[in-house]
Amino acid sequence: MNSGLEKKWQEQWKGKHIFEPSPDGKKFFITVPYPYANGPLHIGHGRAYTYGDVIARYMRMRGYNVLFPMAFHVTGTPILAIADSIRNNNSEMIELYRSYLRLYENDDEKIDSILESFKDPKNIALYFSEKIKKDFETIGYSIDWRKRFHTAEPFYNKFVEWQYRKLHGMGYLKKGDYPITFSIVDGNPVGEDDIKDGDTNKVTIIEFLAVKFRFQDGYILAGTLRPETIFGVTNIWVNPDAIYVKARANGEYFFVSKEAFEKLCYQLYDVEKIEEYKGDYFVGKFAKEPIYGREIPILQARFVDPDNATGFVKSVPAHAPYDYVALRDINFWEGRIKPIPVIRVLDMGDLPAKEIVEKNGIKDQLDPRLDELSEEIYRLEFYHGIMGENCGIFSGKKVSEIKENVKDWMIQNNYAIKFYETSRKAVTRSGNKVIVAIVRGQWFLDYSNPEWKKKTHELIDSMNFYPPSFSSQFHDVVDWLRERPCVRRRGLGTNFPFEEGWIIESLSDSTIYTAFYTIIDILREMGIKPEELTEDVLDYIFLGKEFNGMERFKKARESFEYWYPVDLRVSSVAHLSNHFTFYLFHHAAIFERNKQPRGIMVLGMLISEGAKMSKSKGNVIPLATIAEKYSADLFRLYIITNADFDTVLDWRETEVRSLDKKLERFKSLIEESLTYSAPTDLRHMDYYLINIFRLRIKKAIEFMENYRFRDAMIEIFFNFLNDIRYYEKREGEVRRKQVLRIIIDDWIRALAPVIPHLAEEYWHRLGHNTFVSLERYPEPGDIDFSVINSVNYVEEILEDIRNILKVSGINPKKIYIYTAGERMKHLMNLAKQDKSRAFKEARNKIEYSLLKQIISQRLFDKICPENEEEIIRNSIEYIKKELSCEVILNSEEDPGNKRALALPCKPSIFIV
RNA sequence: GCAGGGGUAUCCGAGCCUGGUCAAAGGAGCGGGACUUAAGAUCCCGUGUCGUAGGACUACGAGGGUUCAAAUCCCUCCCCCUGCACCA
């Protein structure tokens, strides 16, 4: 809508390089996490950058030398996977990308050729980073594009490598085994994106315990999530129709289902199949439970799923509804099995499973309600259960306290091994089964290191958070972060420096890159080659360690010294428990105290028409269409004003349109004033408008100092628009146009951070030839509150009169107003200090009841003008006009006997 | 499960940290009026209940409590949302 005007100023800013600062004066360094460049961005991404930009622009106008850079993230598998899909002619992916390209291209042939180029992942990253940059320019962000880079560049690889050398040197890297979701057919780990419905129905990894029951020359493995009930095991369940396997692993023989065997191949070492059986082979045979060596029977049950855990289930009929019902179905194996209670719960008998099953009238083992009941009993026993006398060293302990200990104890005594299973049956997008595999030799960032945690806690204590409550949340996250795998087998990114064949994972390579912004353009400008970024060089630049030959890098060192640390990092709450926290950890580890982050601003998420944006709902709004469809300034104004920064922001078309009307109103107010000049003979209402404007500016600045731009804009945009409307009501349109000229310069500067294009345009049309973007933010100046108060006072009287009219239904001919005399003022002042003394001074009933009113309405706390009569007299014409009838002030006439009832600040009123 | 956040009038959404000035900001919607040939836009008034004088009553998820006074502080319960690890 404004695209011509907006483009004009964007080009001017760009052409004059006004957002490309050099070290000079007091600095402010603000960053927003870079986006992943695998497609067009939507307005959700725009929220963080808009906030960042508004702050950047505000701080610039407050006299800071502001750096606001950005770059592009390309690390990881998604871009690779997209290129693969396009190469494999995956029609879904091709259509998706075709639709993305249509946002930017209208020539079908060109789209095809670009799609063709996407078979190379680098081209996807390059194409979209270029487009994202263009989109951002259309929103008017004051970004310093000289700092741009992407995370697969050799320069960046050197930087990340350096970081990992530092971390390794400090002992913050670790190596070990790690369970992951995995596809056997693809031979790859799979992430949420690779799993069918993985985004809506998450798959997590569940750690089962596979209990070892001695059977023939090996062990039957029975999976369980409740190891503490092992003491009450009475039998083992097997599915008679499933296929089972005898396998060798870890030097022992195991019996498990065929499916479990496949999983174990990826969880244990050197797993080998020896023989296959049908499930009924086991039925009626015996195995030995590991604790006491009791012989227990193996029985058949249809509820046993061979594709869940090991395919054998240990049976604890006293506490597991499934087991109880299955045993009941076979008449407790002709009475030879008796449930063994091992957990006591108050208010329940010995056999909770029996109780709950009978209470709910469960008929057989396929009843779907059994899942819920199992859950219920689990909760009950976990939180309120005590281990019985037959539980060895655990007897008498609370279940919730020893559950983990039982697990450890069983593993240590070789009674059981771990078995990992997915939380639900899952397949990849191409339909291949997902299992849990253990990665050997996985490298981790050791976030559990107490010394590292301590440093990070200290950092958090030294920082500012917006909103402040997030400080404690960060402490919490730091406390329970554990080892985090930091390398992957595939994807774009930086090679792991300590072992071939690994790539540093995408979140792990994006922790301290804000430091890189300070030097990247200098490296390029000076023709420095990536391979020159040796450990010595980067130690010098970032840590100040001198070395022979450091002269060449002096400029980079100085730039880092000047700009670092980041003063404010802005991003959405989604980054809290990952990126933001890693950002803090890594800074705490690597940089000196005075180079650690100073502030973090956490934004709420953005939804569209009341729902989370998603392709399936069709409510995703691409950033690319915003400037053209609405105008950048309208978008920015909406983002800033429609919700507090720390709450959910809902993009609603109807609300955008209604905001647009407000913006149009603003535009016409300004434009209508351009041809007028300021009046020289200032009147009462002129002073009112000037002073209320100053007051609004003052409040706005106070809000903005805490980055509360919404509140600030409510003052200087919405409320002030209302002030102007009120002024016009009282003084007329022409006068309004004239008087606005007095404050128009200040007003435009005040709004410039949020609506920079309009501000720039009007600033120039007012005859200035500087950029408003580089002007100083207005100062409020002295505020005369008496003018403001007197206007409010008159409005309160009007409100009272209207209320009386409404209730009484009188059609007024004459209105009498009486202001309070000195006597009542005196009593009020007394009441403020000493209520009982005031009552003593009351001379009569009327005074007494008025005093009561004063106290109950707390009139003495109101800002009450001294000269009430004069104020009303000055506005009497206005009052008459508003009520269209005669208004008589402090007349000798007193037809309603109201004169004596006047209170300070609350004149009495009589209407005929 | 673990952690965090929330439930406010027709709807969206402020306020609660620092209790009173809160029938509760700001929008949207709805009703009435002005303007207009009309529609739209804009502006004004109204929008819990009752009330022939500026008031009273009932209200801020439910239930208790603290207090002269609670949407705001404390306790219990119910419900909802977000993140949880290789996914950027």
Side-chain angles (χ1 to χ4, degrees), chain A residues 33-38 73-79 151 178 180-181 189-195 198-199 202 204-206 378-379 382 439 442 444-445 447 467-470 472-474 476-477 479-489 491 504-508 510 572-579 581-582 604-605 607 610 612 641-644 646-650 652 654-655 657-659 661-662 664-665 668 710-711 713-714 718-719 722 725 728-729 796-797 799-810 857-859 861-863 882 896 898 901 906-911:
Chain A
Y34 46 33
Y36 189 67
N38 67 335
H73 199 202
V74 303
T75 308
T77 47
I79 288 181
T151 60
Y178 191 69
I180 50 159
T181 46
V190 292
E192 186 184 300
D193 285 344
D194 307 316
I195 294 172
D199 48 337
K202 285 211 179 192
T204 53
I205 292 170
I206 308 276
Y378 174 78
R379 257 167 220 270
F382 182 76
V439 178
Q442 170 74 53
F444 297 87
L445 284 160
Y447 292 136
S469 60
F470 274 78
S472 68
Q473 280 206 50
F474 276 106
D476 286 347
V477 176
D479 271 334
W480 41 266
L481 262 183
R482 299 278 169 263
E483 294 84 357
R484 181 193 160 87
C486 60
V487 292
R488 294 201 59 173
R489 284 295 185 192
I504 294 173
E505 176 273 331
S506 61
L507 280 177
S508 305
S510 306
S572 92
V573 65
H575 281 139
L576 190 135
S577 63
N578 44 56
H579 167 72
T581 310
F582 305 157
M605 63 176 198
I607 59 178
K612 207 170 166 177
T641 61
N642 216 253
D644 282 331
D646 52 349
T647 62
V648 175
L649 171 67
D650 192 358
R652 280 177 191 266
T654 54
E655 308 226 344
R657 267 190 268 117
S658 94
L659 181 64
K661 287 173 201 162
K662 288 261 185 311
E664 287 299 320
R665 165 87 184 144
S668 52
R710 176 179 191 242
D711 296 307
M713 288 306 280
I714 286 176
F718 297 103
N719 288 347
N722 289 341
R725 197 156 67 200
E728 183 173 328
K729 183 163 102 178
E796 275 174 31
I797 294 172
E799 201 184 309
D800 273 357
I801 294 173
R802 285 197 185 105
N803 200 353
I804 295 169
L805 289 174
K806 183 186 144 204
V807 173
S808 65
I810 296 170
Q857 296 182 27
R858 303 177 70 86
L859 285 181
D861 283 345
K862 279 181 91 166
I863 303 157
E882 281 296 295
K898 286 282 186 180
L901 301 180
K906 201 165 171 66
S908 62
I909 295 159
F910 184 68
I911 305 172

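A quick note: this is a predicted structure, and the numbers were derived from the prediction, not measured. Proteins get letters first, then strands, A, B, ... in listed order; numbering begins at 1 in each.
- Separation of the C1' atoms belonging to rC78(B) and rU67(B) is 27 Å when rounded to the nearest angstrom.
- The listed nucleotides are rA14(B), rU82(B), rA85(B); the one nearest the side chain of Arg710(A) is rA14(B).
- Among rC87(B), rC12(B), rU82(B), the nucleotide with an atom closest to any side-chain atom of Thr181(A) is rC87(B).
- For Arg489(A), there are no salt bridge (charged side-chain N to carboxylate O under 4.0 Å, His left out) partners at least two apart in sequence or on another chain.
- Not counting sequence neighbours, the partners of His575(A) by the ring pair (Phe, Tyr, Trp, His ring centres under 6.0 Å) test are His579(A).
- Remark: Glu483(A) engages Lys174(A), Ser448(A) in a side chain to side chain donor-acceptor pair (under 3.5 Å) (not counting sequence neighbours).
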Write down the protein N/O and nucleotide N/O pairs, taken from nucleotides 43-48 of chain B, whose separation is under 3.5 Å; answer none if there are no such pairs.
| from | atom 1 | to | atom 2 | distance (Å) |
| --- | --- | --- | --- | --- |
| rC43(B) | OP1 | Arg725(A) | NH1 | 2.8 |
| rC44(B) | OP1 | Arg725(A) | NE | 2.7 |

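- Among the atoms of the strands shown, base atoms are found under 4.0 Å from some heavy atom of Ile911(A).
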Taking only N/O atoms, report every protein-nucleotides 4-7 of chain B pair under 3.5 Å with atom names and distance.
| from | atom 1 | to | atom 2 | distance (Å) |
| --- | --- | --- | --- | --- |
| rG4(B) | OP1 | Asp476(A) | OD2 | 3.4 |
| rG4(B) | O2' | Gln473(A) | OE1 | 3.0 |
| rG4(B) | O2' | Gln473(A) | NE2 | 2.7 |

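- Among the heavy atoms of the strands, none lies under 4.0 Å from Pro467(A).
- Here Ser908(A) lies in heavy-atom contact (under 4.0 Å) with a base.
- Take Phe444(A) and apply the ring pair (Phe, Tyr, Trp, His ring centres under 6.0 Å) test, not counting sequence neighbours, and it matches Tyr178(A).
- Remark: Thr77(A) pairs with Arg488(A), Arg490(A) by the side chain to side chain contact (heavy atoms under 4.5 Å, CB included) rule, at least two apart or across chains.
- Residue-level contact check: Leu481(A) touches the bases, meaning some heavy atom is under 4.0 Å from a base atom.
- Using a 4.0 Å heavy-atom criterion, one finds that Val190(A) contacts the sugar-phosphate atoms exclusively.
- The separation between Ile909(A) atom CD1 and rG54(B) atom P is 10 Å, rounded to whole Å.
- A close approach under 4.0 Å does occur between a side-chain nitrogen or oxygen of Arg488(A) and OP1 or OP2 of rC87(B).
- Applying the salt bridge (charged side-chain N to carboxylate O under 4.0 Å, His left out) test to Asp476(A) and every residue at least two apart in sequence or in another chain returns nothing.
- For Lys729(A), the salt bridge (charged side-chain N to carboxylate O under 4.0 Å, His left out) partners two or more places apart in sequence, or in a different chain, are Glu882(A).
- The closest donor-acceptor contact from the side chain of Thr151(A) to the backbone of Thr75(A) lies under 3.5 Å.
- Protein atom CG of Leu659(A) is 10 Å distant from nucleotide atom P of rA28(B), rounded to whole Å.
- Contact check, Ser577(A) against rA85(B): no side-chain N or O comes under 4.0 Å of OP1 or OP2.
- Proximity note for Glu505(A) (side chain, C-beta onward) versus rA14(B), rC86(B), rA85(B): the nearest is rC86(B).
- The nucleotide whose nearest atom lies closest to any side-chain atom of Lys906(A) is, among rG54(B), rC86(B), rA14(B), rG54(B).
- At a cut-off of 3.5 angstrom, the base of rC86(B) holds at least one donor-acceptor pair with the side chain of Arg484(A).
- Residue contacts shown for His579(A) are absent, as no nucleic acid heavy atom lies under 4.0 Å away.
- Taking the side chain of Ser658(A) as heavy atoms from C-beta on, and the options rC12(B), rG27(B), rA14(B), the nearest nucleotide is rG27(B).
- A side-chain N or O of Ser510(A) and one of His73(A) form a donor-acceptor pair less than 3.5 Å apart.
- Among the heavy atoms of the strands lying under 4.0 Å from Thr75(A) are primed sugar atoms or P, OP1, OP2 only; no base atom is included.
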